[in-house]
Amino acid sequence: MTANAANNEPKVLRSLTGRSGHLRLNRPKALNSLDHEMVVEITNALNAWLADESVDHVLITSDHPKAFCAGGDVRSVRDSVLSGDSSDGERFFEDEYVMNALIAKFAEAKPYVAVIDGIAMGGGLGVSLHGSHRIVTERASASMPEMAIGFVPDVGITHFSQHVSTALGGPSVAIARFAGLTGYRLTASDMLWAGWATDFVPSESLPDFLEVADREGLESALERYSLDADSAQARELIGRSQLAEWNDCITACFGADTWEEIARALDEAASSGTCADEVIEKFRGLIAAASPESLVAAVELYAANAGADVDLRKALDNELSLGKYLRHRPNFAEGVRAVLIDKDRNAKFVPERTEDVDVEAIRATLS
Ligand code: QUE
């Protein structure tokens, strides 16, 4: 059983209510970040509910007032790596990625509905975006902050984000890579525009939405409580998408397959006026927190996982393989220290320059 140390409550609450199989993330002290036990719990529930005809759909929600799920248990993984025997850490990632793939498979059989009413980062996107329905409220945000901890975007997001259709009508590898390389925090409006979210439900309607989903079914609940993102009522709550406004600049800079080309495109977009100076400054500011090794590695990973022939499982295998390499590099322990342990946000990454990163060693981990 997986319980919080403080109050002995399960870290994932599992229930069957009406037509819903309901998972509630309940590890408030860690902003619901996923540890190994929670991953196993979610996996077991989905395997049971896949075969259970009384379950019409799965809902995954959080009771935390601010967070949906802040990521994975990277502190424990760091401890595991530093102990000299990283096998516990490696098993965590293997099982987490099996869960990510299972969510995508489940969603092909019946609806898997994530209700994102707060912050979702890293692993939190892995338990939501692979579902069939990604519902956001005005309080939702999404980010891939791994560059700052010497890691790379994972949990299948390097696949999902490059294959999902944006509001412009097709996938955008530039938008996907921009999100992964900058750690930019997408708003609810950005998530809907980018295709990361499928539906908008105002937070004040959530209790009613969930009750109707349990009693009458998902379609009925969506019909009653979701709002068109372009409606005046929705605009009032979530505003316009910043990503949509930046799209031309992002497309000019972030579509390339190597970091070297992206860095050059940023320089050129600044000097040619393709991007406004303050927009380039904003992007550079976000990238400043990144480990240079992670920047180079992430672009290689996105390039490897972009092809139409790459399925989610193959993309996860690339993330696992590159991730294992990076977890054993000093930048991972140093990044987790600076962001999550000492919280000084003053990581000393090596090498300091992207030009000095061993890109061949990174490529050797990818297929
Ligand atoms: C990168 C990450 C994570 C992160 C920050 C990063 C991550 C994660 C957390 C996190 C945040 C708040 C908590 C907590 C963990 O932050 O995976 O326990 O209370 O879980 O820059 O990958």
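In listed order, ligands and their atoms are each counted from 1.
Below 3.5 Å of separation, one finds an N or O of Gly72 facing an N or O of ligand 1. Ligand 1 has a nitrogen or oxygen under 3.5 angstrom from a nitrogen or oxygen of Pro145.
For the side chain to side chain contact (heavy atoms under 4.5 Å, CB included) test with Tyr184, the passing option among Ile287, Leu243, Ile175 is Leu243; the others fail.
Scanning the protein heavy atoms around atom 13 (C) of ligand 1, the nearest turns out to be Ala30 O, 3.7 Å. The protein atom (non-hydrogen) at minimum distance from atom 4 (C) of ligand 1 is Met121 CE, 3.8 Å.
A salt bridge is defined here as a Lys NZ or Arg NE, NH1 or NH2 lying under 4.0 Å from an Asp or Glu carboxylate O, and Asp88 with Arg91 meets this definition. Salt bridge Arg329/Glu293: present, at least one basic N to carboxylate O contact under 4.0 Å.
Atoms of ligand 1 lying under 4.0 Å from any heavy atom of Ile149, numbered from 1 in the order shown and given with element: 1 (C), 2 (C), 6 (C), 21 (O), 22 (O). Less than 4.0 angstrom separates some heavy atom of Leu31 from each of these atoms of ligand 1: 12 (C), 19 (O).
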Verify side chain to side chain contact (heavy atoms under 4.5 Å, CB included) between Arg24 and Val12, making sure each step is shown before the conclusion. CA-CA 6 Å; Arg24 280 158 58 205; Val12 180; over 6 Å; no
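Between Cys253 and Cys275, the sulfur-to-sulfur (SG-SG) separation does not fall under 2.5 Å.
Contacts with ligand 1 closer than 4.0 Å are made by no heavy atom of Arg75, backbone or side chain. By the criterion of a heavy-atom distance under 4.0 Å, the side chain of Ser33, and not its backbone, is placed next to ligand 1. Contacts between Leu340 and ligand 1, counted as non-hydrogen atom pairs separated by less than 4.0 Å, involve the side chain only.
Among Gly122, Ala289, Gly183, Ala70, the residue whose heavy atom lies nearest to atom 7 (C) of ligand 1 is Ala70.
Between Thr365 and Leu301 there is no side-chain heavy-atom pair separated by less than 4.5 Å.
A distance of 3.5 Å separates CZ in Phe209 from CD1 in Ile135, rounded to the nearest 0.5 Å. If you take CG on Leu340 and CZ on Arg75, they are separated by 5.5 Å, rounding to the nearest 0.5 Å.
Contact annotation: Gly123 has no heavy atom less than 4.0 Å from any atom of ligand 1.
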